[in-house]
Amino acid sequence: MIEPGAKAPHFELPNHEGEKVSLSDFAGRSLVLAFYPGDFTPVCSDQLSIYQEVLDEIRARGAELVGISTDSSWTHKAFRQHLGLEMTLLSDFHPKGEVSRAYGAYLEDWGTPNRSLVLIDEEGVVRWVHAEETPLTIPGANLIFDALGELV
């Protein structure tokens, strides 16, 4: 995983509508990147549903949460609709996993990102990271709130 204190690697990825979204779009705000293996899987569905439940509270603390996987924009669009998600989902589809690799969240053996969280501050510096030991477990929302609390 990328180390806290590092400058966050720039990215520009298509969102669930196929529109380009870049790291610079979040300048002046804290950003939580939630890397996850894949849309429509049971554990990923549970993970993003949990984050959806607390999304307003994350935003109230001055942060935005964005999901990133190697699924296509169109899969993301259907997944968002299926779960009623409001958060932006970004497609790290091609070149496959390039952004996930830049953040140290890609699992070569799985061909997907690991379940990892990266908190980037208002100035684009990585302040906190968390990676699950296995993509089969969910990093709880409490970890995000603890990390956001450390920024104050």
Would you name the heavy atoms of [X] and [Y] that are closest together and state the gap between them?
| X | Y | result |
| --- | --- | --- |
| W110 | L136 | CH2-CD2, 4.0 Å |
| V43 | P135 | CG1-O, 4.3 Å |
| I50 | A141 | CG2-CB, 4.2 Å |
| D92 | V99 | OD1-N, 3.1 Å |
| A147 | L119 | O-CD2, 3.6 Å |
| P9 | A102 | CG-O, 3.7 Å |

Under 6.0 Å from the [atom1] atom of [X], do we count more than 12 heavy atoms belonging to anything else shown?
| X | atom1 | value |
| --- | --- | --- |
| E133 | CD | no |
| F145 | CZ | yes |
| E57 | CD | yes |
| H10 | NE2 | yes |

Separation between [atom1] of [X] and [atom2] of [Y], rounded to the nearest 0.5 Å:
| X | Y | atom1 | atom2 | value |
| --- | --- | --- | --- | --- |
| I144 | S30 | CD1 | OG | 12.5 Å |
| I58 | M87 | CD1 | CE | 7.5 Å |
| E19 | S73 | CD | OG | 9.5 Å |
| T112 | F35 | OG1 | CZ | 12.0 Å |
| T75 | D39 | OG1 | CG | 6.0 Å |
| Y36 | I68 | OH | CD1 | 9.5 Å |

[X] with [Y], same ILVMFWY side-chain cluster at under 4.5 Å:
| X | Y | answer |
| --- | --- | --- |
| L117 | L151 | yes |
| L143 | L55 | yes |
| V66 | I2 | yes |
| V126 | F11 | yes |
| V129 | L23 | yes |

Indicate yes or no: at least one non-hydrogen side-chain atom of [X] is less than 4.5 angstrom from one of [Y].
| X | Y | answer |
| --- | --- | --- |
| I120 | F26 | no |
| F79 | L48 | yes |
| S24 | E12 | no |
| L89 | S69 | no |
| H82 | F40 | yes |
| E108 | R101 | yes |

ask   = Between the side chains of T134 and T137, is a donor N or O closer than 3.5 angstrom to an acceptor N or O?
value = no

ask   = Is there a donor-acceptor contact under 3.5 Å linking the side chains of N15 and H76?
value = no

inquiry  = What verdict does the side chain to side chain contact (heavy atoms under 4.5 Å, CB included) test give for V118 and M1, after you've listed the backbone C-alpha separation in whole Å, the side-chain angles of each residue and the deciding distance to 0.1 Å?
reply    = CA-CA 9 Å; V118 177; M1 283 298 299; 3.7 Å; yes

inquiry  = Check E64 with R59, please: is the shortest side-chain N to carboxylate O separation under 4.0 Å?
reply    = yes

task = Decide yes or no on side chain to side chain contact (heavy atoms under 4.5 Å, CB included) for E132 and I138, but give the supporting numbers first.
result = CA-CA 7 Å; E132 288 294 309; I138 297 172; over 6 Å; no

Using atom types as modelled and distance alone, determine if a side-chain donor or acceptor of [X] lies under 3.5 Å from a backbone N or O of [Y].
| X | Y | answer |
| --- | --- | --- |
| E86 | Q52 | no |
| Y106 | N114 | no |
| K77 | G18 | no |

